[in-house]
Amino acid sequence: MVWSSELMPRQDGRIAFITGANSGLGFATAQALVEKGATVILGCRSLQKAQQARKKLLTKSENGHIEVLAIDLADLENVSLAIDYMVSKYQKLDLLINNAGVMAPPRTVSKQGFEIQLAVNHLSHMALTLMLLPLLSKQLGARVVTVSSGAQYMGKINWDDLQGAEQYDRWASYSQSKLANVMFALELNERLKSSNLAVASLSAHPGLARTNLQSNSVKSNGSWQEALAYKLMNPLFQSSSMGSLPQLLAAIDPSAQGGEQYGPQFNFRGYPKLCQIARSALNKQDRERLWNVSYSLIKDFVNINNSYVLSGHN
Ligand SMILES: NC(=O)c1ccc[n+]([C@@H]2O[C@H](COP(=O)([O-])OP(=O)(O)OC[C@H]3O[C@@H](n4cnc5c(N)ncnc54)[C@H](OP(=O)(O)O)[C@@H]3O)[C@@H](O)[C@H]2O)c1
């Protein structure tokens, strides 16, 4: 039997926070959760985008519980302020979906000077997740789902030039950030377990889904070859709601477990199923190294109080 949104259990009383919720997979995930009764906090780059997304969701679920949060993942100080506000406003959090992402732009940097794909896709999600753990751990059955990509399987961590400062390849940097997503998800799960925190961390990837990711990528890098490739590949792409199913399954299906990854049945498309994590993410030493390097980059900009999870030891 295939898993689809009809199989989703009711989510009344649960609170979900989704980054990048105004577009593509984030929006589809928000819609599905709102329809099942969850309170969904839309994390978007600006308040205006979040409010527009809220309005659109309300046309589909007029009694939906939808809240907004402006959060710019290209600025860790902004992330820190936004999450501090969230922690002061909400008593608990059931689901965190680390979904926002950028793909293959020319080399630019975040407000703190970090290469933009590493910053938005990985570092800011690590920072906000660690800041939200106190809220998540108040709720039995809370989950963190980090959205990766099939690019994880080609990803390589360039330890000598993590941010492409010496030589930048925008696709290698994207794949690296998406491998980092899975390494983070897995390492977080192990640290949560050894800290006895009842929060599970999983990853998911959508295959190929028709969203704004491709057009925004082409807009930023100006490559007509890539624009043409997306046009030719268009029939292979599935809808954003199909693409959102792996992350929804990982977030709410009772059978899904921490440390697992869900993706489409046929690699690029199809209904979701348990899928393999990139082999490069399975090396514990590499995961610890990435955790430590990432933490050293974010620690001066965010306030994280969770010593067990940080040290990885009880
Ligand atoms: N679509 C696919 O085929 C595919 C395949 C593999 C993996 N993925 C992954 O799926 C996730 C969702 O992407 P999508 O396909 O739904 O693309 P999308 O439609 O472009 O959505 C990406 C979201 O991320 C947000 N975002 C980008 N930079 C941000 C920043 N600095 N601060 C806050 N939010 C920011 C975007 O906000 P704006 O609207 O303001 O730009 C948007 O809401 C990404 O992690 C992507 O890597 C997608």
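Only heavy atoms go into these numbers, but all of them, side chains included; no hydrogens, no water, no symmetry mates. For this chain, numbers begin at 1 and follow the sequence in order. For ligands, and for the atoms within them, numbers begin at 1 and follow the listed sequence. Just so you know, these numbers come straight off a predicted model, no measurement behind them.
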In a table with atom names and distances, give each donor-acceptor pair under 3.5 Å that connects a side chain of residues 31-52 to protein atoms at least two apart or in another chain.
residue: Q31; atom: NE2; partner: E35; partner atom: OE2; Å: 3.2
residue: K36; atom: NZ; partner: M8; partner atom: O; Å: 3.3
residue: S46; atom: OG; partner: K49; partner atom: N; Å: 3.2

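- Nearest protein neighbour of atom 31 (N) of ligand 1, counting heavy atoms only, is D72 OD1, 3.1 Å.
- Interface of Q214 with ligand 1, defined as ligand atoms under 4.0 Å from a residue heavy atom, comprises 1 (N), 2 (C), 3 (O).
- Residue, atom and distance of the protein heavy atom nearest to atom 20 (O) of ligand 1 are L213 N, 3.2 Å.
- Among protein heavy atoms, atom 9 (C) of ligand 1 sits closest to S148 O, 3.8 Å.
- L76 and L128 fall within a single hydrophobic cluster, where Ile, Leu, Val, Met, Phe, Trp and Tyr side chains are chained together by heavy-atom contacts under 4.5 Å.
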Pair I83-F17, side chain to side chain contact (heavy atoms under 4.5 Å, CB included): steps then yes or no
CA-CA 11 Å; I83 301 298; F17 174 48; 4.0 Å; yes
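- What you find for S201 and A185 is that their closest heavy atoms are OG-O, 2.7 Å.
- For atom 35 (C) of ligand 1, the nearest non-hydrogen atom from the set A100, A74, G150, A50 belongs to A100.
- W171 and E226 share a side-chain donor-acceptor pair at under 3.5 Å.
- The closest approach between any non-hydrogen atom of S124 and ligand 1 is not below 4.0 Å.
- Annotation: atom 3 (O) of ligand 1 to nearest protein heavy atom, A209 N, 2.8 Å.
- In this structure, G243 does not count as a contact residue of ligand 1, since none of its heavy atoms falls inside 4.0 Å of the ligand.
- With respect to atom 23 (C) of ligand 1, the closest heavy atom belonging to the protein is G20 CA, 3.8 Å.
- Here the protein heavy atom with the shortest distance to atom 24 (O) of ligand 1 is G101 N, 3.2 Å.
- A cation-pi arrangement, defined by a distance under 6.0 Å to the six-membered ring centre and an angle within 45 degrees of its axis, is absent between K273 and Y262.
- The distance criterion of under 3.5 Å between nitrogen or oxygen atoms is not met by S149 with respect to ligand 1.
- Residues N181 and S148 bring no donor and acceptor atom of their side chains to less than 3.5 Å of each other.
- By the rule that hydrophobic residues join a cluster once side-chain heavy atoms approach within less than 4.5 Å of another member, M131 and L81 end up as members of separate clusters.
- Contact annotation: K49 has at least one heavy atom less than 4.0 Å from an atom of ligand 1.
- Protein heavy atom in closest approach to atom 37 (O) of ligand 1: N22 OD1, 3.8 Å.
- Which parts of ligand 1 touch N99 is read off a 4.0 Å heavy-atom cut-off, strictly below it: atoms 11 (C), 12 (C), 44 (C), 45 (O).
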Please list every donor-acceptor pair under 3.5 Å in which a side-chain atom of residues 227-249 meets a protein atom from a residue at least two apart or in another chain.
residue: N234; atom: OD1; partner: R210; partner atom: NE; Å: 2.9
residue: Q238; atom: OE1; partner: G270; partner atom: N; Å: 2.9
residue: Q238; atom: NE2; partner: P206; partner atom: O; Å: 3.1
residue: S239; atom: OG; partner: S241; partner atom: OG; Å: 3.4
residue: S239; atom: OG; partner: M242; partner atom: N; Å: 3.1
residue: S244; atom: OG; partner: S241; partner atom: O; Å: 2.7
residue: Q247; atom: NE2; partner: T29; partner atom: OG1; Å: 3.0
residue: Q247; atom: NE2; partner: N99; partner atom: OD1; Å: 3.2

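- The shortest N/O to N/O separation between G26 and ligand 1 does not fall below 3.5 Å.
- Remark: minimum distance from atom 27 (C) of ligand 1 to any protein heavy atom is reached at R45 NH2, 3.3 Å.
- In this structure, E67 does not pair ionically with R54, as no charged nitrogen and carboxylate oxygen lie closer than 4.0 Å.
- Listed by number with element, the atoms of ligand 1 under 4.0 angstrom from any heavy atom of P206 are 4 (C), 5 (C), 6 (C), 7 (C), 8 (N), 48 (C).
- Under a 4.0 Å N-O distance rule, the pair D286/K284 does not qualify as a salt bridge.
- Near G24, with a cut-off below 4.0 Å to any heavy atom, the atoms of ligand 1 are 16 (O), 19 (O).
- Remark: distances from the non-hydrogen atoms of F27 to ligand 1 are all 4.0 Å or more.
- Distances shorter than 4.0 angstrom occur between a heavy atom of K178 and an atom of ligand 1.
- Each of H205, Q261, Q276 was compared with Q152 under the side chain to side chain donor-acceptor pair (under 3.5 Å) criterion, and only Q261 meets it.
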